[in-house]
Protein chains: 2
Amino acid sequence: MPPLQSADVRADRTRLSSADWEAGALDLLAEQGVAAVAVEPLARRLGVTKGSFYWHFPSREALLKAALERWEKLDEETVFEPLEEIVDPAERLRELFVRTSKEMRSHVLYSELLKALDHPVVQPVMARVSQRRIHFLMQAYRSLNFSRKDAMNRARLAYSAYVGFLQLMLQLKLTRMSAEEFDAYVGHVVETLIPAA
Amino acid sequence: MPPLQSADVRADRTRLSSADWEAGALDLLAEQGVAAVAVEPLARRLGVTKGSFYWHFPSREALLKAALERWEKLDEETVFEPLEEIVDPAERLRELFVRTSKEMRSHVLYSELLKALDHPVVQPVMARVSQRRIHFLMQAYRSLNFSRKDAMNRARLAYSAYVGFLQLMLQLKLTRMSAEEFDAYVGHVVETLIPAA
DNA sequence: GTAACACCATACGCCACCGTATTGACAAGC
DNA sequence: GCTTGTCAATACGGTGGCGTATGGTGTTAC
């Protein structure tokens, strides 16, 4: 009797590297949250046993840390660096708000991590990422002639709105909006939180 | 050797009722999240063993459900009914935003529940509570002559801002603001999200 | 003052996950 | 072709929680 292989994600024939485990961890994280990133389930999913895992990582914590740092780096590169090039601050903000519609995976991950902020490994990563993003917003508002305090408060407000919206949509699933509704909402947010040119 | 009694919360001498367990569950929930609401730890905290628990409740799930329904009821009574009496909608919104400064426990609980929205017992309760609150906001904006769509979008935005702020402050602890900073932020939010009279 | 009830203790079996130890298989380098 | 290094299987012990079974004790009703 064959060993009842689970849905076998990897193309088999190859062996696993640390990066494979990290990628798998992020997949599981996006799908089922931090608690689901456990070594035995992940091993099953990758078609091996945990005997393999403990060769690559000393502990579950270490995997989590490595995976999150991988995510943090990727996040910076794909989301923010492209935006730095837009010179007009109002336009930069608008683009940030709108591009946020795509890239669902990034939001899903961020949203799951929001639910695990009490975890000692998650907390510092999220603190860095969120701090950077809020700072990005603040600088844009500064360029729009907001006072220091107003810029800070508006940045906080805008980012809070992002975070809250994520939770309400992705987690609570209060209203699965149509594409038009969603665009209308984003339009409303832009009008409300970004001063007209 | 005495049985190493834990910090003994109840005034002893009395025995426990279902309500005591529910209250204890909410305490633990506020302090350490949904996952921490486990029967053996809770029993230890209450100075009994789980032999007691299973007399009052058939399962951990049942306790959680009872506790959350208790919270839902209390929330309605203490937060929203008082506000219904304020007739001027702009004033009502302002008061909602400002009173939200107090009542920390309510926010802490809501914030912890936000992190457990995938839990089948938590989800429906949170859906009801959030839906009610957003509807409350929407009606206020309607009274301020917002179009139906604008009112909906603004309500979503305002509530998202609330939810996000909760997570950023209570969970991420990005910035522990001073009382003045906090008031200034609330002022900024009021100016931004509520049209001037 | 005893019987019934309400609450609690103890002890047990079960499961899921963590981490360790030991051995095995396969490839590359010499 | 034999050794070394890399990845993996197996088997084990430990922890912490769930739920059950059964018996015990204080309180109340009569």
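Reminder, nothing fancy here: chain letters follow the sequence lines and each chain counts from 1.
- Between B:R44 and D:dG17 there is a side-chain polar atom (N or O) within less than 4.0 angstrom of OP1 or OP2.
- Residue-level contact check: B:S17 touches neither bases nor backbone, having no heavy atom under 4.0 Å from any strand.
- DNA chain D lies under 4.0 Å from at least one heavy atom of each of the following residues of residues 19-39 of chain B: B:A38, B:V39.
- Using a cutoff of 4.0 Å between basic side-chain nitrogens and carboxylate oxygens, A:R133 and A:D75 are scored as salt-bridged.
- Side-chain N/O atoms of B:H56 include none lying less than 4.0 angstrom from OP1 or OP2 on C:dA6.
- In this structure, a donor-acceptor pair under 3.5 Å is absent between the side chains of B:Y159 and B:H135.
- Between A:L16 atom CG and D:dC7 atom P the separation is 9 Å, expressed in whole Å.
- A salt bridge links A:D118 to B:K115: one of the charged nitrogens lies within less than 4.0 Å of a carboxylate oxygen.
- The residue among A:S52 and B:K50 whose nearest nucleotide of DNA chain D lies closer to the 5′ end is A:S52.
- Rounded to an integer number of Å, the gap from B:Y54 OH to D:dG17 P is 12 Å.
- Checked for salt-bridge contact, B:E95 and B:R92 miss the test: no charged N lies under 4.0 Å from a carboxylate O.
- Every side-chain contact (heavy atoms from CB on, under 4.5 Å) that B:E61 has, sequence neighbours left out, goes to B:S59, B:H119, B:V121.
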